[in-house]
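This is a predicted model, so every value here is computed, not measured.
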Amino acid sequence: MQEEVNLNSGDPTGKQQFNPNVVRFQDFMKKFYRNKSALIGGILILALIIVALVGPYFTPYAPNTQNYSNLLAPPSVEHLFGTDHHGRDIFSRIIHGMSITLRVGFTSVFIGMTVGVTLGVISGYYGKWVDTIIMRFMDVLLAFPGILLALAVVAVLGGSLNNVIISVAIFSVPVFARISRGSTLEVRELEYVEAVRSLGASDFRIIIRHVLPNIMSPIIVQATLNIATSVLTASGLSFLGMGAQPPDPEWGAMLNDGRNYMWNAPHITMIPGIAIVIVVLSFNVFGDGLRDALDPKSRN
Amino acid sequence: MLTEKLLQVENLKISFSTGDSLLEVVSDVSFDIGHGKTVGIVGESGSGKSVSARSIMKLLENNAVVDEGSRIRFNGEELLEKTDREMRKIRGKDIGMIFQDPMSSLNPTMKIGKQISETIQIHEKASKKEAAARAKEIMHLVGIPDVDDRFNQYPHEFSGGMRQRIIIAIALACSPKLLIADEPTTALDVTIQAQILELLKDIQKKTGTSILLITHDFGVVANMCEDIVVMNKGRVVEKGSTMEIFNSPKEDYTKRLLAAIPNLHAEKSQESKEKLADIYSGTREKLLEVNTLAKHFPLGRGTTLKAVNDISFDIYRGETLGLVGESGSGKSTTGRTILRLQDATSGETVFEGSDINKYKKRQMKDMRKRVQFVFQDPYSSLNPRQKVKDIIGEALDIHKLFPNKKKRNDRVKELLHLVGLDGSFSERFPHEFSGGQRQRIGIARALAVEPDFIVLDEPLSALDASVQATIVELLEDLQRKLNLTYLFIAHDLATVKKLSDRVAVMYKGNIVELTDSEELFKNPIHNYTKKLLSAIPVPDPNYAITAEKVSPDETLDFSTEGQVFTEVKPNHWVMQ
Amino acid sequence: MLKFLTKRLIQTIPVLIGVTILTFSMVLLIPGDPAQIMAGESASPEQLELVRERLGLNDPIPVQYLDYIGGVVRGDLGNSIRSGRAVSTEVFGRLAPTVELAFYSTLLSVFIGIIAGVVSAVRRYSISDTLIMFAALFGLSMPNFWLGLMLIQWFVIGTGWFQASGWGTPQQMILPVLTLGTAGSAIIARMTRSSMLEVIDQDYIQTARAKGVSERVVIYRHALKNAMVPVVTVVGLQFGSLLGGAVLTETVFAINGLGRLIINAIRARDFPIVQGGVLVFAFLFVFVNIIVDVLYRFLNKRIDLN
């Protein structure tokens, strides 16, 4: 036994490949700390969540309080981001809008991920006709380019924030289904899954205990990046007037409001856009960092 | 000025910087190569042999640091002092390099003719036409047929062996003085390996180039090299002429490596002879009977791949049946199909009187306690997210053998002891173990349900030679203690011989020969078996590879069409 | 090649059928009585019945679907509720600006994306790499409708160089193309970079270096071509997502394209137009994908696709 350890045994063929989905937790944490973008992204997201939860108690004005004596005011000490066409304080509206944006992002991705991963794992694990049917259905959903699928859903269900969440969730189902199907196909072929099967384990046990834990990394990365996309899509729908309804301080809707005053009050359109960029950027930075940290190729 | 030696490496010291610290991977390595000579660097994984070779070309990773005291003199010039621009004039021209994996070492989007002639164009200022003509000559030299047609083909249109010939052609394009071959045959089947080694010798004879051969295989160096450098953990353990190293090794490490090589000429043990006598006299219980088992895979467009083509054999309690074949022979598929990890296309697998292919889910689950599987790859066969106790204990959970957690974990520790590991390992994760230790964990997992029969699917092929020997011992020991029956699947005859009582040779989905292992080595009858035997690089410098020159298109076709499996001698079955 | 094309076309049939089922069920899934919604709140029972009759809403659903798909095959997508004109006329009349917008934006993003990606990969970890990758991340994180508005703010309201409505002249086209092409450039630049870096790690690059090839040749002759393989697929997908993105861009720049038609139809509850517009979008995307596949196959016919 001792010999073996000393001889630094491994494989002479160089076939010693690690499954890309599998990264040790300690390594991951080490890289995570070393990986600045993940760290910065993580801190930013944490800060955004705190603002969303606590911020509304500290805003100088209520989000929907109108003040017709101070319309379209530019940023000042009194109104940090100025006021809009109803004289509402934009700073307060942005802070109140934060929770809407994050809620839409998190819930829609959570729903889309749950449905998509379930379908994808079933599809990849069982293969054959189950796979064909599920993936064809995903192909159909993917045939609607970009925001159009979400738009079609909202067109049917009617414009409201909840419908935006549903439509964005549907829009992200195929992405998760594809990724988890691909990873499942990969993991399914690994010998440890076969080993457990040869021990007599049921499919359910194999999927829950052996497949799912080992495909989570790419899914988590995708979820993070998808929150960014979902926030963009949702604000796009609201911008088109198909999402949040007035007077909700939703940023896309605020942007739309400002369009008519671009000549004399450009800050109304500028500021909600910057807010969206900050949120989306945070999730993208975090997702990129996670991807690097979870990618075994960039280990060490 | 003609220096005495072509290449002189002195005090080579290489470290890798890993963020904040330096890790020394090669220390004080010195060796030299004479003109027209072949030197082999032998070592197990992690010995620093490849890094040493690459440093000669100055093709190391960016984080590699070569110590200032190191010297690499090539043809009278100091390579380590050369700039990258100067080095480029030497790479490909004076020193050619052959890499391990023929599947990934060629540019997939460039025609192979272009890939060969590119080198000539760079170094010899040749016109496109001249370079092409020269490339074709070299393709001819390395044994690529139909040169004019194949010149314009892309790498994916070639087999592994052919691709390795192309890589050799690239390395040879400018008639280099030195050829560095880094594990050139490790990724190839043994019959193809014999061809490539033969080719390298032939080229050396024709061009007078020197060869530096990096390998883990003593069989390969014994047949190829005049001198050997044995490396371990970044240091040279021993060096000398091939005869010296093989006949009178001085260092313990070398001795141990040489001892670990399976001996093809060893007599079988008394125990094995008794087993065979029982089997042949019909007194030993038949545990498993495989009847015209077939497994076909659809390839689309109505064609099927007959991975396993109506094979039949019996396995007797307590014996080890070796199943040998090269890649694509269907040996692994056979193992999987017998245990119903895949469903058979047709045929029977009769285990103690009933066909397991007809079992319902319930029966199959019970069956899983009786038959087990040990896998090839010690890395991917253990779930990296489970602790050792759960990996081994999972079988106990599935079959609800130990409802009490404490008792279950005690049993896991027992199993760890059984395979020669410490009971305290049960709390650790797979990545904390070496390849050999992982393979032991895999064996413990298979033993957990106390099976009668275990399929061992190439359990040694991913391990270093010295580790292989310890695992073989363990398997023999367990068989004796627990009266286990093995189906031992392997691609090389040497290891099979050591462990098996009887051996079946598989070729393209058929068993072409089946007999006891001694008889098979002494009197091979089927042409394919003969080929396989002669291709084994014998780790003994007194034997040369006896592989007759094979036609370079690699058509080793032994058609089994219309043939039947017949007993040509008592207990010696051959497809004919 | 023809065989491949035929096979690819046959493969899309189930997808196209699926798409028609979805667009067909859009009308079914509208909460409430579709006839009521289309005819308006104040419609009399007779008018409602008329709408129902005209839309075939009284037939069983499978019959309605067959009617619908029959119409699709004949190119009859029904009539607009508001204008009364054929949906196909309305939709195809608006198609050109949308396709042009998506096409020019794709072209722009391929051009910028590939150059930026290659520069970034070749000068890995340099300042230019950091800047390019940060710009790409930023481009990816901007809502394109907001970028459009900002461009209008600066170049229409600010400098007056460009126009903020219509489609046809360079003054009208440059800003929308820039708006839509930004995110695409970012995606392609990131993709190109990572693909290049992956290829540079391959064994065959080592082989090339061992030949004594200069680093320049290694990168441009050996690496770039292989790195472009996955990028081609992304470009195809990109075109599709830019088609979708055109919906927002057209709204911002008041371009009378298909996207804006659909948005206005949704607002006006003119469902036949929405249905027809979405269907045409999806069909267009499916066929763009086929073209990309064929192109990919053609460009890389030497690569074993397995």
Side-chain angles (χ1 to χ4, degrees), chain A residues 37 132-133 136-159 225 228-229 231-233 235-237 239-242 251-252 255-256 258-259 262-264 266 269-270 272-285 288 291 297-298, chain C residues 12 14-19 21-23 25-31 102 137-138 140-147 149-150 152-153 156-157 183 190 198 201 239-248 251-252 259 262-263 265-267 269 271 274-275 277-278 281-286 288-289:
Chain A
S37 64
T132 311
I133 289 179
R136 273 294 120 75
F137 182 59
M138 292 303 123
D139 284 347
V140 171
L141 290 186
L142 283 171
F144 296 91
I147 197 177
L148 210 72
L149 181 65
L151 203 61
V153 175
V154 175
V156 171
L157 300 177
L225 296 173
T229 327
V231 167
L232 284 179
T233 311
S235 63
L237 290 174
F239 172 75
L240 293 171
M242 312 282 163
W251 299 341
L255 246 162
N256 191 28
R259 282 181 72 188
M262 280 175 67
W263 291 90
N264 42 4
T269 41
M270 174 108 70
I274 292 172
I276 296 172
V277 173
I278 290 171
V279 171
V280 175
L281 199 65
S282 304
F283 281 98
N284 276 334
V285 168
D288 279 359
R291 173 182 290 160
K297 265 184 275 170
S298 63
Chain C
T12 53
V15 175
L16 293 182
I17 291 174
V19 167
I21 291 175
L22 274 195
T23 49
S25 37
M26 272 177 68
V27 177
L28 293 181
L29 291 171
I30 299 168
L137 199 62
F138 200 76
L140 203 65
S141 305
M142 269 190 293
N144 68 26
F145 51 92
W146 178 70
L147 174 64
L149 291 176
M150 290 301 106
I152 290 173
Q153 186 80 56
V156 178
I157 298 173
R190 283 159 58 101
E198 198 163 300
D201 274 347
F239 184 72
S241 92
L242 293 188
L243 268 181
V247 173
L248 286 158
T251 307
V252 171
I262 292 176
I263 298 296
I266 293 175
R267 290 198 181 115
R269 315 229 111 208
F271 280 99
V274 178
Q275 208 180 16
V278 169
F281 254 128
F283 272 38
L284 204 62
F285 187 29
V286 168
V288 166
N289 276 338

Let me know if [X] has heavy atoms under 4.5 Å from chain A in its side chain, its backbone, both or neither.
| X | result |
| --- | --- |
| C:V288 | neither |
| C:M150 | side chain |
| C:F283 | neither |
| C:L22 | side chain |

Can you tell which of A:T269, A:L149, A:D139 has the highest number of heavy-atom pairs within less than 4.5 Å of chain C?
A:T269
Chain C interface, residue from A:L151, A:I278, A:T233 that has the most non-hydrogen pairs under 4.5 Å:
A:L151
With only heavy atoms counted, which part of [X] is less than 4.5 Å from chain C, the side chain, the backbone, both or neither?
| X | value |
| --- | --- |
| A:A143 | both |
| A:D288 | side chain |
| A:L142 | backbone |

Under 3.5 Å, is there a donor on one side chain and an acceptor on the other for A:N284 and C:S141?
yes
Could you check which of [options] has the highest count of heavy-atom pairs closer than 4.5 Å to chain A?
| options | answer |
| --- | --- |
| C:L243, C:V286, C:T251 | C:T251 |
| C:L140, C:I17, C:L242 | C:L140 |
| C:L147, C:L137, C:V247 | C:L137 |

Can you name the salt bridge (charged side-chain N to carboxylate O under 4.0 Å, His left out) partners of A:R259, sequence neighbours left out?
none
For a quick test of reading the model, state the closest non-hydrogen atom pair linking A:S235 to C:F145 and the distance between them.
OG-CZ, 3.5 Å
Give, for atom [atom1] of [X] and atom [atom2] of [Y], the distance between the pair rounded to the nearest 0.5 Å.
| X | Y | atom1 | atom2 | answer |
| --- | --- | --- | --- | --- |
| A:M242 | C:I263 | CE | CD1 | 4.5 Å |
| C:T23 | C:Q275 | OG1 | CD | 5.5 Å |
| A:L240 | A:N256 | CG | CG | 7.5 Å |

Which residue is it: A:T229, A:L232, A:L225? I am looking for the one with a side-chain contact (heavy atoms from CB on, under 4.5 Å) to A:V280.
A:L232
Applying side chain to side chain contact (heavy atoms under 4.5 Å, CB included), can you list everything that pairs with C:A282, at least two apart in sequence or on another chain?
A:F144, C:V19
